[in-house]
Undergrad: 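The structure under discussion is supplied below as structure tokens; questions concerning it will follow.
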Amino acid sequence: MPWHGQGAYAVWLSEIILQQTRFEQGLPYYLKFIESFPSVNDLANAPSERVMQLWQGLGYYSRARNLHKAAQTIRDEFGGVFPNTYEAILSLTGIGPYSAAAIASFAFGLPHAVVDGNVYRVLGRIYGIETAIDSTKGKKEFQALADTLLDPKLPGDFNQAIMNFGATHCTPQQPKCETCPFNKECSAYLTERVQTLPYKEKKIKLKQRFLHFILLESDSHIIVQERRGKDIWQGLYTLPMLELSDDRLALDNDWKGFFKTQGWTGFRGELALIGEESQLLSHQKLKMRFYRAAMPDTFVGQYGIAKEQAASYGYPKTIAAFLQKKKGSAS
DNA sequence: TAACCGTGGCA
DNA sequence: TTGCCAAGGTT
């Protein structure tokens, strides 16, 4: 790394730039900054417009503002010398526990263990830790474990090594367990929990959708529609579907508008709610309601297909179950 | 504690 | 193409 052995200022700069940022993406920015501001005082004395301009395109712009502010704090309160204790480093704006430990260990050889996303993953898997990493309890537990494991003689090397291992070997997806030096003792590997560890408390936010299906049928015919486009169930068939943005019943007016979009005219029948189902998909929570109406005679030839033919199509699980149940109750 | 902050690589 | 998510920290 170009900041290796270049002092605390260079290490700090690199850590802030690389927060939540890939090395390849951050590297050009580090080079620009270290060239434009060779010392912390150069950075502190620079106009904020210049700092923001150099940061442009890197994202998370509060990092640049905090960086500039911290440089001025170092100039004004630390005599222009980068602080050399963990607590003092941590007190600077924009520096949290991770960055403070990284700078303390890399620049000053202080025994503070870093805990970043890589460390959570490596330790969580090897030790089989189920505690959620986004909980207060989990953060304490992982920090304590990392502090215990840290080699106090070579804290910088230890920290760099564990992060590197996480980034290149114990990766989030498709980790190289077959060639992993820990695969004889890794709890997650031995118990097939590699995919589920480390565990996060916050569940993926499921998008809630409200889908309404209408069973338009005569004795012999029914209307089904193929799913097209990028949405769920592509290529499968469903009953004609109306989606609403909130949790309420579809009213006559909703269906009227829907029929219009379908180009269906002449419908006069009564609509009745005949069923409700919920289904959980990987990223969607579906609330499905089923309605029924008699198919107008004019629809049969135009839009309907024979029920025998409809039986040969593929349907989403819940739709198929509904149709099966309906068929059973009718006969 | 939870929401928010930006961008680019990748499956 | 869309959504995940990557060397976190602040409010």
Side-chain angles (χ1 to χ4, degrees), chain A residues 1-4 10-30 32-33 52-70 73 86 89-107 112-124 132-140 142-143 146 155-175 195-207 209 228-235 281-285:
Chain A
M1 303 302 178
W3 47 86
H4 206 257
V11 171
W12 169 52
L13 202 49
S14 73
E15 288 300 335
I16 301 303
I17 286 174
L18 292 180
Q19 277 173 14
Q20 302 282 285
T21 305
R22 282 185 166 73
F23 173 80
E24 296 79 10
Q25 188 190 355
L27 182 59
Y29 286 85
Y30 170 80
K32 278 197 294 184
F33 266 82
M52 298 310 291
Q53 182 189 26
L54 282 176
W55 198 274
Q56 187 181 343
L58 194 54
Y60 279 122
Y61 295 95
S62 64
R63 288 184 295 169
R65 293 193 297 273
N66 290 335
L67 184 80
H68 196 204
K69 186 179 175 187
T73 300
Y86 175 82
I89 296 169
L90 183 61
S91 76
L92 295 169
T93 177
I95 295 181
Y98 163 77
S99 300
I103 297 166
S105 64
F106 296 154
H112 292 273
V114 296
V115 180
D116 71 343
N118 290 306
V119 177
Y120 279 126
R121 195 165 57 250
V122 172
L123 297 186
I133 63 172
D134 55 351
S135 67
T136 303
K137 186 185 172 191
K139 285 172 184 167
K140 284 183 182 173
F142 277 85
Q143 182 70 59
D157 288 351
F158 177 92
N159 284 335
Q160 191 62 58
I162 191 169
M163 286 194 289
N164 235 339
F165 181 71
T168 62
H169 212 99
C170 193
T171 50
Q173 305 299 327
Q174 299 167 1
Q195 292 300 326
T196 60
L197 292 177
Y199 174 70
K200 281 188 185 178
E201 201 166 60
K202 288 180 193 166
K203 286 159 189 162
I204 302 166
K205 281 186 182 170
L206 295 177
K207 186 184 176 187
R209 298 178 69 175
R228 299 180 179 280
K230 298 173 288 189
D231 205 358
I232 53 174
W233 303 327
Q234 193 179 334
L281 274 53
S282 60
H283 290 86
Q284 298 185 27
K285 191 175 176 185

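So you know, we letter chains A, B, ... as the sequences are listed, proteins then strands, and number each from 1.
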Undergrad: Looking only at atom P, what distance separates dA7(C) and dA2(B), rounded to whole Å?
TA: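 Straight-line distance between the two P atoms is 23 Å.
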Undergrad: Within the 4.0 Å heavy-atom criterion, would you say Arg65(A) contacts the bases, only the backbone, or no part of the nucleic acid?
TA: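 Since no nucleic acid heavy atom lies under 4.0 Å of Arg65(A), the category is nothing.
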Undergrad: Near Lys69(A) NZ, under 6.0 Å, is it more than 12 heavy atoms from other residues, nucleotides or ligands?
TA: no
Undergrad: Under 4.0 Å from OP1 or OP2 of dA7(C): is there any side-chain N or O of Ser14(A) that close?
TA: no
Undergrad: Distance check, C1' atoms only: dG9(C) and dG9(B), in whole angstrom units.
TA: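 After rounding to an integer number of Å, I get 23 Å for this pair.
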Undergrad: Starting at atom CD of Glu15(A), determine the distance to atom C1' of dA6(C), rounded to an integer number of angstrom.
TA: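 From Glu15(A) CD to dA6(C) C1': 14 Å.
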Undergrad: Can you tabulate the close N/O pairs, meaning under 3.5 Å, that link protein atoms to atoms of nucleotides 7-11 of chain B?
TA:
residue, atom, partner, partner atom, Å
dT7(B), OP1, Tyr61(A), OH, 3.3
dG8(B), N2, Arg22(A), NH1, 2.8

Undergrad: What's the gap between dC4(C) and dA3(B) when it is taken at their P atoms, as a whole Å value?
TA: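 Roughly 16 Å separates the two P atoms.
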Undergrad: Would you kindly give the CG-to-P distance between Leu90(A) and dT10(C), to the nearest whole Å?
TA: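 Result: 8 Å.
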Undergrad: What is the distance, rounded to the nearest whole Å, between atom CD1 of Ile17(A) and atom P of dG8(C)?
TA: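 Result: 14 Å.
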Undergrad: Atom NZ in Lys32(A), atom CH2 in Trp55(A): separation rounded to 0.5 Å?
TA: 10.5 Å
Undergrad: What distance do Met1(A) atom CE and Ser14(A) atom OG have between them, rounded to the nearest 0.5 Å?
TA: 8.5 Å
Undergrad: Has the side chain of Tyr29(A) got a donor or acceptor atom that lies under 3.5 Å from a matching backbone atom of Gln56(A)?
TA: yes
Undergrad: Measure from CZ on Phe23(A) to C1' on dG8(C) and round the result to the nearest Å.
TA: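 That distance rounds to 19 Å.
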Undergrad: Does Leu18(A) offer a backbone N or O that forms a donor-acceptor pair with the side chain of Gln25(A) under 3.5 Å?
TA: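 Pair absent, no side-chain N/O of Gln25(A) close to backbone of Leu18(A).
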Undergrad: Please tell me if Arg63(A) has a side-chain N or O lying less than 4.0 Å from either OP1 or OP2 of dA7(C).
TA: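 For dA7(C), OP1/OP2 do not have a side-chain N/O of Arg63(A) under 4.0 Å.
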Undergrad: Donor-acceptor pair, Asn159(A) side chain versus His112(A) backbone, under 3.5 Å?
TA: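 Yes, Asn159(A) side chain to His112(A) backbone: donor-acceptor pair under 3.5 Å.
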Undergrad: Which part of the nucleic acid, if any, lies within contact of Ile95(A), taking any heavy atom under 4.0 Å across all strands shown: a base, the sugar-phosphate backbone alone, or nothing?
TA: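 The answer is sugar-phosphate, as Ile95(A) gets under 4.0 Å only of primed atoms, P, OP1 or OP2.
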